[in-house]
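Keep in mind that this is a model prediction, so the values were computed, not measured. Counting begins at 1 with the first residue of the sequence.
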Amino acid sequence: MSRTNGEAQNDLDQILEESGTVPQSAGLEPRGGTLARLTVPPEALRALPADFVKRHRVLPFKIQAGTIHIATADPGNQRVIDDIRLLSGLEVQESAAATAELLEKIAECYQVTVEQMIENLNPDSAAKVESKNLHDIEVMANEPTVINLVNLIISTALRERASDIHLVPFQETIQLRYRIDGLLQEKPPPPKQLHAALVSRIKIMADMNIAERFMPQDGHIQIHHRGARVDIRVGTMPTIYGESLVMRLLEKNSKLLTPRELGLDAERSALLSRLVEKPHGLFLTTGPTGSGKTTTLYSILQGIYAPEKKILTIEDPVEYELAGVAQIPVRPSRNFTFATGLRAILRQDPDVVMVGEIRDSETAEIAIRAALTGHQVFSTLHTNDSTGAVTRLIDMGVEAFLISSSLEGVLAQRLVRRICPHCRVESPVVPAVREKLEALGGRHMEGLFYRGSGCEECRGTGYRGRVGIFELLAINPELRELILQKRSNAVLKNAAQKTMTTMHQDALQKAADGITTPEEILRVSSGDLLE
């Protein structure tokens, strides 16, 4: 008598628990999650041909005592069981699994990696690609080999949690790198002869002009990966050896984090809430490119959203879609800039406005006047610290009295890598690192800190994911008076530090708490956090 799917699934959970192929736990998730945690031994994968596994949606996950254990979405199919018995020479034990989970695990176990595909490329056939003829390059860009290689490069980057893909040509080779947790990691390069075809393939996907190879171009690709929508911003730049290309990967379905999850402690998270819930005023986030400023603003907007508020954003480009928020992309090619868009937005009766970035005096003045006329305005600036936002606005030509009257708060931030929780160990601070931090103004670096020893989860780096270090400045009466007097950034900073936790204090506290390492603080700061 055949078993029910539920009984078969329970068997799968029990088999995996008993065999130690997944971690022991008090309560395994029913159906979802069991296969994802399964480690399949190589001998099980070799027992059946890959094309057979994919065609019949079966996954061999264990061989024991002359029996091959398989997970299947269609238990009880006698013909498939007979074929497996014939191909493997073993008895067959079935367990049911959810189709979506099974397909994802099969793809993971039997995938071809970028490295394998590059190794298997025939150099002679690749050499045929090197051509100055645009038609030949376009034809090659649509060849299955090139299409599959581009798809693999993108899917591997997404699987490794990369934020950017860099493809840069040099005289004899191509450099392929992924930016993971803020650092570039080099990957095995594709053949140099494929460079023009790979770039052309990506430009075709991004609806860019493949005939234009001597001017920078921007494009956009939208794909679906494991059920999530991914937007890819593509930028090309001509170099002496061909076009350099960068792809920025943005997962639209990724969950927005709260300020606490981003790295703010409870006290400053409460202060942030008070600052951003004021009915009007200007609030800024500051930091270098890639420090997470826009992500923080999205988190704030998500927290203050209510049906009775009309929230409008103008961005370049729109990075995440927010429910209930009207988001507008700027279009410089049509003379639709931040300044012109902001003017139009103010005629749409908004309560809250987010400007992606204040880049010029015109945008700055419109944003500040909007804050003075009853709107909540959020935006970003490129400055090293929170008080630097004031001097930056003054340098743009904004009157000091306008800044003093409108500015409510500034959140300066950086991103540091988190220690991998799977391989975190206690570790003393290296004397050279301690001396550098103390010389830069850090506290006495005694006692044990932590580092990651390197494991499969973090790919041997010791780090997994990133967390913010913050400096939250609330504008008080003393600071407003100093702004009116156009005092220097040093004076503003000294006044602010009476009540503010600085970024270097926050960074050192996160190292003491085992969230990041002293070495990582030193890498990110370059001295400017610890002055």
Side-chain angles (χ1 to χ4, degrees), residues 126-143 145-147 149-154 157 162-179 184 186-187 189-223 230-250 288-290 294 314-319 328-341 355-363 380 382:
K128 297 175 185 176
V129 183
E130 193 168 31
S131 171
K132 302 298 181 184
N133 187 294
L134 180 62
H135 175 71
D136 292 345
I137 293 173
E138 186 174 0
V139 169
M140 189 59 196
N142 288 295
E143 287 289 326
T145 299
V146 173
I147 292 172
L149 182 53
V150 168
N151 291 345
L152 270 176
I153 288 171
I154 294 172
S163 60
D164 302 84
I165 302 170
H166 292 246
L167 195 66
V168 184
F170 294 96
Q171 185 172 9
E172 302 293 337
T173 186
I174 307 173
Q175 187 181 61
L176 173 64
R177 294 185 293 176
Y178 295 160
R179 187 176 294 280
L184 286 171
E186 194 157 353
K187 301 296 178 181
K192 169 68 174 177
Q193 296 89 342
L194 283 179
H195 173 252
L198 289 172
V199 171
S200 294
R201 175 61 196 166
I202 294 167
K203 289 167 79 173
I204 289 170
M205 294 170 68
D207 197 24
M208 298 160 71
N209 182 2
I210 67 168
E212 179 54 79
R213 288 177 277 175
F214 303 102
M215 290 292 290
Q217 290 189 68
D218 294 311
H220 172 260
I221 302 170
Q222 188 177 104
I223 64 171
V230 180
D231 276 8
I232 305 174
R233 288 154 47 188
V234 182
T236 62
M237 180 67 68
T239 74
I240 58 174
Y241 295 116
E243 288 181 282
S244 171
L245 184 144
V246 175
M247 291 184 277
R248 167 66 59 90
L249 310 175
L250 302 167
T289 300
T294 304
I314 179 163
E315 307 171 57
D316 182 24
V318 174
E319 295 188 9
I328 305 158
V330 301
R331 302 184 189 279
S333 60
R334 298 190 178 185
N335 201 32
F336 185 68
T337 62
F338 280 117
T340 55
V355 184
E357 182 184 345
I358 293 178
R359 297 176 177 173
D360 51 56
S361 58
E362 186 179 13
T363 305
T380 70
H382 290 279

Working to the nearest 0.5 angstrom, can you tell me the gap between Phe170 CZ and Thr239 OG1? 8.0 Å
So which atom in Leu245 and which in Met247 form the shortest heavy-atom distance, rounded to 0.1 Å? CD2-CG, 3.7 Å
Are any non-hydrogen side-chain atoms of Lys192 and Thr173 less than 4.5 angstrom apart? no
Using side-chain heavy atoms (C-beta onward) and a distance below 4.5 Å, is Leu184 in contact with Gln175? no
Would you check if Arg179 and His166 make a side-chain contact, meaning some heavy-atom pair closer than 4.5 Å? yes
Apply side-chain contact (heavy atoms from CB on, under 4.5 Å) to residues Arg201 and Ile204 and explain how you reach the verdict. CA-CA 5 Å; Arg201 175 61 196 166; Ile204 289 170; 4.2 Å; yes
Start with the C-alpha distance between Ile165 and Leu176, add both sets of side-chain angles, then the distance that settles side-chain contact (heavy atoms from CB on, under 4.5 Å), and finish with yes or no. CA-CA 7 Å; Ile165 302 170; Leu176 173 64; 3.9 Å; yes
To the nearest 0.5 Å, tell me how far Thr294 OG1 sits from Glu319 CD. 5.0 Å
Heavy atoms of Thr340 and Asn335 approach each other most closely as OG1-O, 3.6 Å
Of the non-hydrogen atoms in Pro190 and Leu149, which two are nearest, and what is the gap between them? CB-CD2, 4.2 Å
Check whether any side-chain heavy atom of Ile221 sits under 4.5 Å from a side-chain heavy atom of Ile202, and report yes or no. yes
Ile328 versus Val318: any side-chain heavy-atom pair under 4.5 Å? no
Are Thr337 and Val330 packed together at the side-chain level, in the sense that at least one heavy-atom pair is separated by less than 4.5 angstrom? no
Can you see which heavy atom on Tyr178 is nearest to which on Lys187, and at what distance? CD1-CE, 3.5 Å
Salt bridge present between Glu212 and Lys203 (N-O < 4.0 angstrom): no
Determine whether Asp207 and His220 satisfy the following criterion, side-chain contact (heavy atoms from CB on, under 4.5 Å), listing intermediate values before the conclusion. CA-CA 7 Å; Asp207 197 24; His220 172 260; over 6 Å; no
Minimum-distance pair of heavy atoms, taken over all atoms of Asp218 and Gly235: OD1-CA, 3.9 Å
Nearest-0.5 Å distance, CZ of residue Arg177 to CG of residue Leu167: 10.5 Å
Side chains of Gln217 and Asn209 in contact at under 4.5 Å (non-hydrogen atoms): yes
So Glu357 and Asp316, side-chain contact (heavy atoms from CB on, under 4.5 Å) or not? Walk me through it. CA-CA 8 Å; Glu357 182 184 345; Asp316 182 24; over 6 Å; no
dist Arg359:CZ -> Thr380:OG1 (nearest 0.5 Å) comes out at 8.5 Å
Which heavy atom in Val146 sits nearest to a heavy atom in Ala197, and how many Å separate them? CG1-O, 3.8 Å
